[in-house]
Amino acid sequence: MAGLAFGLSLYVPHLANPDWVRVTVNQDSLAYEGTMILDYMMPRWMTYVIYLFLIILPPLISTYYHMRWFALTIVAVVVVDILFLRYAYISFFCLLAGLGTLHLIYIIARNKCARECPVLFA
């Protein structure tokens, strides 16, 4: 619920006020900049930290072994994003997160959580 509320607080203001979103080309990559409603309440870096916390913590504290591995995949995505394409982090993060989702698809398609909870996943 916290992730949904936070995500909506980031998205809905842009839906209502599209002028807040600026898309530029930065070193041949798309860079999304602009105003976020949360900028009026906290520094932007804190918004990013909360966002990362909300997407990494749930799989990290999961009782399912493979979900914890998926959390590490997300951490790897974030680290690669910061190290290699900081100037266009949103575009690159979306690309890497999409690729990271392949790990989640693998977990689901191979029914990897069935060993830990056969009643639910068998």
Side-chain angles (χ1 to χ4, degrees):
M1 293 307 292
L4 178 63
F6 191 74
L8 288 173
S9 73
L10 294 174
Y11 176 72
V12 171
H14 291 104
L15 186 63
N17 193 352
D19 294 337
W20 280 8
V21 179
R22 283 183 286 120
V23 182
T24 60
V25 176
N26 189 345
Q27 300 183 31
D28 296 327
S29 296
L30 292 179
Y32 298 90
E33 298 299 329
T35 304
M36 288 189 196
I37 195 94
L38 296 177
D39 289 345
Y40 299 107
M41 296 178 237
M42 66 183 81
R44 180 72 63 96
W45 67 266
M46 192 178 290
T47 302
Y48 295 148
V49 168
I50 292 169
Y51 178 78
L52 292 174
F53 177 80
L54 289 171
I55 65 170
I56 293 171
L57 185 66
L60 189 63
I61 64 173
S62 173
T63 57
Y64 299 110
Y65 172 76
H66 290 281
M67 289 309 298
R68 291 191 304 267
W69 274 107
F70 178 66
L72 294 179
T73 299
I74 298 170
V75 169
V77 162
V78 170
V79 168
V80 169
D81 185 38
I82 290 169
L83 289 177
F84 293 105
L85 233 60
R86 179 105 177 114
Y87 57 86
Y89 60 93
I90 293 175
S91 293
F92 195 48
F93 177 79
C94 289
L95 171 68
L96 292 177
L99 293 175
T101 301
L102 294 175
H103 184 192
L104 190 58
I105 291 169
Y106 169 78
I107 292 168
I108 294 167
R110 297 291 184 164
N111 203 11
K112 290 295 185 178
C113 295
R115 278 183 242 143
E116 296 161 51
C117 188
V119 173
L120 186 60
F121 293 102

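By the 6.0 Å contact criterion, CH2 on W20 is enclosed, its count of non-hydrogen atoms from other residues, nucleotides or ligands being greater than 12. In F6, the CZ atom is crowded: over 12 heavy atoms of neighbouring residues, nucleotides or ligands sit closer than 6.0 Å.
In this structure, the separation between CD1 on I61 and CZ on R68 is 11.0 Å, given to the nearest 0.5 Å. The CD1 atom of I108 sits 12.5 Å away from atom NE2 of H66, with the distance rounded to the nearest 0.5 Å. Distance check: T101 OG1 to L96 CG gives 10.5 Å after rounding to the nearest 0.5 Å. One distance of note links CG of L99 with OG1 of T73; it measures 11.5 Å at 0.5 Å rounding.
Two residues are said to be in side-chain contact when any heavy atoms from C-beta on lie closer than 4.5 Å; L102 and Y106 fail this criterion. Side-chain contact between L104 and M67 is present, with heavy atoms from C-beta onward closer than 4.5 Å.
Remark: R110 engages no residue in a salt bridge (charged side-chain N to carboxylate O under 4.0 Å, His left out) (not counting sequence neighbours).
Grouping the Ile, Leu, Val, Met, Phe, Trp and Tyr side chains by contacts below 4.5 angstrom, directly or via other members, places I56 with I82. L4 and F53 fall into different hydrophobic clusters, where Ile, Leu, Val, Met, Phe, Trp and Tyr residues are linked whenever their side-chain heavy atoms come under 4.5 Å apart, directly or through other members. Under the 4.5 Å side-chain heavy-atom criterion for ILVMFWY residues, no single connected hydrophobic cluster contains both L72 and I107. L8 and Y51 fall into different hydrophobic clusters, defined by Ile, Leu, Val, Met, Phe, Trp and Tyr side-chain heavy atoms under 4.5 Å apart, directly or through other members. In the hydrophobic clustering of ILVMFWY residues, with side-chain heavy atoms under 4.5 Å counting as a link, V75 and L95 come out together.
Of the residues listed (L52, L38, I37), the one engaging T47 in a side chain to side chain contact (heavy atoms under 4.5 Å, CB included) is L38, and it is the only one.
The main-chain N or O of P59 is never found under 3.5 Å from a side-chain atom of S62 such that the two would form a donor-acceptor pair.
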